[in-house]
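Notes for the one structure printed next.
Whatever order the structure lists ligands and atoms in, that order sets their numbers, starting from 1.
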Amino acid sequence: MKVAGAICASVFTAVRPHIRPGVSTAELDKIITDTIRSQGANPACLNYGDPPFPGAACISINEEVVHGIPSKDRILEDGDIVTIDVVAEKDSYHGDAARTFFCGEVCDEWRELVRVTRECFWKGVAMAQVGKRLGDISHAVQEHAEGHGYGVVRDLSGHGIGRDMHEDPDLLNFGRAGRGIRLEAGLCLALEPMITLGDYHVEMLSDGWTIVTADGSPAAHYENSFAVTDDGPLIFALEPGETAPF
Ligand code: MF3
Ligand code: CO
């Protein structure tokens, strides 16, 4: 799980310098594919689901929340926020991680949304302690997002992860503290707050994948896979130099 997570993190390091106005999301997807395969891993999103997902990563821009399909016709523009969500399978284990990047000069309001979404992950994962409950994580995410006046997407969630990309339990980004399963050492999860500037309702586009906000407001996403351990959460998908703020 550590190795698979590190491969996801290496994708962000590789792709970041290419996130510039004029680049297509297909070009980014090519870089992502090469980065994963060169490490002997498999881009698990490719051909996942029904209809089969046609990319190595989900690349979602502005009002696209998650599951955007890479395309040579989708060109990044100055001021866009770009979410890259990647799953690497290495030796039958999965890493899953997402970041929202800035393309060129992004307005302060959107930058703040991205910053707080990242904080939501850390507020949530700080609750991933042996003996606490799943709802403690969910509640911490929701409280932080809504405390800033943002929306918490309800229709999608995080998940268990391991030999499969998606395992039990679902890990919601909203909920009640003190509820849900008790956390045990060894449980591997992916926590992935999807946070909107406006209303939290989402819709799926006719491509069968892309999830957009219903009101057209921008959304941000941040995800890492991690394990619950006796020493607290062990985060699998961090870039070198990216450290837990606790
Ligand atoms: N990475 C996503 C998640 O966080 C799933 C991607 S759907 C896929 O669960 F089709 F692209 F694989
Ligand atoms: Co995930």
Fill in the blank from the handout: Taken to the nearest 0.5 Å, the spacing of His18 NE2 from Leu76 CG works out to 12.5 Å
Handout entry: Value rounded to 0.5 Å, distance of CZ in Phe12 from CD1 in Ile32
Key = 8.5 Å
Practice task
Output, in order, the C-alpha distance, side-chain angles, deciding distance and verdict of salt bridge (charged side-chain N to carboxylate O under 4.0 Å, His left out) for Glu239 and Arg16.
Solution key: CA-CA 12 Å; Glu239 288 180 82; Arg16 180 177 288 103; 2.7 Å; yes
Exercise for the section: Would you list the protein N, O or S atoms within less than 2.8 Å of the Co ion (ligand 2), leaving out water? Expected result: Asp96 OD2, His159 NE2, Glu192 OE2, Glu223 OE2
Practice task
Look at the rings of Tyr48 and Trp209 and say which category their plane angle falls in: under 30° parallel, 30 to 60° tilted, over 60° perpendicular.
Solution key: tilted
Handout entry: Side chains of Cys58 and Val66 in contact at under 4.5 Å (non-hydrogen atoms)
Key = no
Exercise for the section: Look at the aromatic rings of His144 and His148 and report parallel, tilted or perpendicular, splitting at 30° and 60°. Expected result: perpendicular
Completion exercise
d(His139 NE2, Leu172 CG) to nearest 0.5 Å is 13.5 Å
Completion exercise
CD1 (Ile81) and CZ (Phe101) are apart, to the nearest 0.5 Å, by 12.5 Å
Practice task
Report yes if the side chains of Asp96 and Asp85 come closer than 4.5 Å at any heavy-atom pair, otherwise no.
Solution key: yes
Handout entry: Atom-level proximity to ligand 1, residues with heavy atom under 4.0 Å
Key = Cys45, Tyr48, Phe53, Cys58, His67, Asp85, Val87, Asp96, His159, Met165, His166, Glu192, Trp209, Glu223
